[in-house]
Asker: 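Can you keep this structure in mind? I'll have questions shortly.
Along the sequence shown, residues carry numbers from 1. FYI, side chains are in, hydrogens and waters are out, and symmetry mates aren't considered; it's all heavy atoms of this structure.
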Amino acid sequence: MPNYIINIHKTDGQYNEVHTTDCAYRPRVEHQRTLGWHADGVDAVNYAKKNGYPDADGCKHCSPEAHRG
């Protein structure tokens, strides 16, 4: 199970992107919050949506199964 983080700043003013901690496209440390370990990107995005990030979306590079935007 990968460890996930979320970008606290919205990408293009629309989405808070969810990334694995080893994603090359993850935000700088000061712009991320830990989401913890999840089975996949869909689970991590759903967790983020339930915990204060209703506009969460998966990164198209590391979590394509959860990428909608």
Asker: Only counting residues at least two apart or in another chain, list the ones meeting side chain to side chain contact (heavy atoms under 4.5 Å, CB included) with Asp55.
Answerer: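 Lys10, Asn16.
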Asker: Tell me who clusters with Tyr53, hydrophobic residues only, linked when side chains sit under 4.5 Å apart either directly or through other members.
Answerer: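 Once heavy-atom contacts under 4.5 Å are chained together, Tyr53 belongs with Tyr4, Ile6, Ile8, Val18, Leu35, Val45, Tyr47.
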Asker: Sequence neighbours left out, what passes salt bridge (Lys or Arg N to Asp or Glu O under 4.0 Å) with Arg68? Give chain and number order.
Answerer: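 Counting only residues at least two positions away or on another chain, Arg68 forms no salt bridge (Lys or Arg N to Asp or Glu O under 4.0 Å).
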Asker: With sequence neighbours left out, write down each residue that passes side chain to side chain contact (heavy atoms under 4.5 Å, CB included) with His67, or none if nothing qualifies.
Answerer: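 Applying side chain to side chain contact (heavy atoms under 4.5 Å, CB included) to His67 gives Asp57, Lys60.
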Asker: My understanding is that only residues two or more places apart in sequence, or in another chain, count here; which of them pass salt bridge (Lys or Arg N to Asp or Glu O under 4.0 Å) with Glu30?
Answerer: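 Here the qualifying residues are Arg28.
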Asker: Which atoms form the tightest heavy-atom contact between Cys59 and Cys23, and what is the distance?
Answerer: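 Scanning both residues completely, I find the closest heavy atoms to be SG-SG, 3.9 Å.
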Asker: Arg33 versus Ile5: any side-chain heavy-atom pair under 4.5 Å?
Answerer: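 Not touching, per the 4.5 Å side-chain cut-off.
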Asker: Let's go through Thr21 and Thr34 carefully: what are the C-alpha distance in whole Å and the side-chain angles of both, what is the deciding distance for side-chain contact (heavy atoms from CB on, under 4.5 Å) to 0.1 Å, and is it a yes or a no?
Answerer: CA-CA 9 Å; Thr21 55; Thr34 301; over 6 Å; no
Asker: Hydrophobic clusters join Ile, Leu, Val, Met, Phe, Trp and Tyr when side-chain heavy atoms are under 4.5 Å apart, directly or via other members; which others share one with Tyr15?
Answerer: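 The other cluster members (ILVMFWY side chains, heavy atoms under 4.5 Å, direct or chained): none.
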Asker: Is it true that a side-chain atom of Asp12 and a backbone atom of Gln14 form a donor plus acceptor pair closer than 3.5 Å?
Answerer: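 Here the side-chain-to-backbone pair does not exist.
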Asker: Any donor-acceptor pair under 3.5 Å linking the side chain of Gln32 with the backbone of Arg26?
Answerer: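 It does not hold such a pair.
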Asker: Applying the side chain to side chain contact (heavy atoms under 4.5 Å, CB included) criterion to His19, which one of Pro27, Ser63, Pro2 satisfies it?
Answerer: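 Running side chain to side chain contact (heavy atoms under 4.5 Å, CB included) over Pro27, Ser63, Pro2 with His19 returns exactly one hit, Pro27.
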Asker: Between Val42 and Glu65, what is the shortest heavy-atom contact and its length?
Answerer: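 Looking at all heavy atoms of both residues, the closest pair is CG2-O, 3.6 Å.
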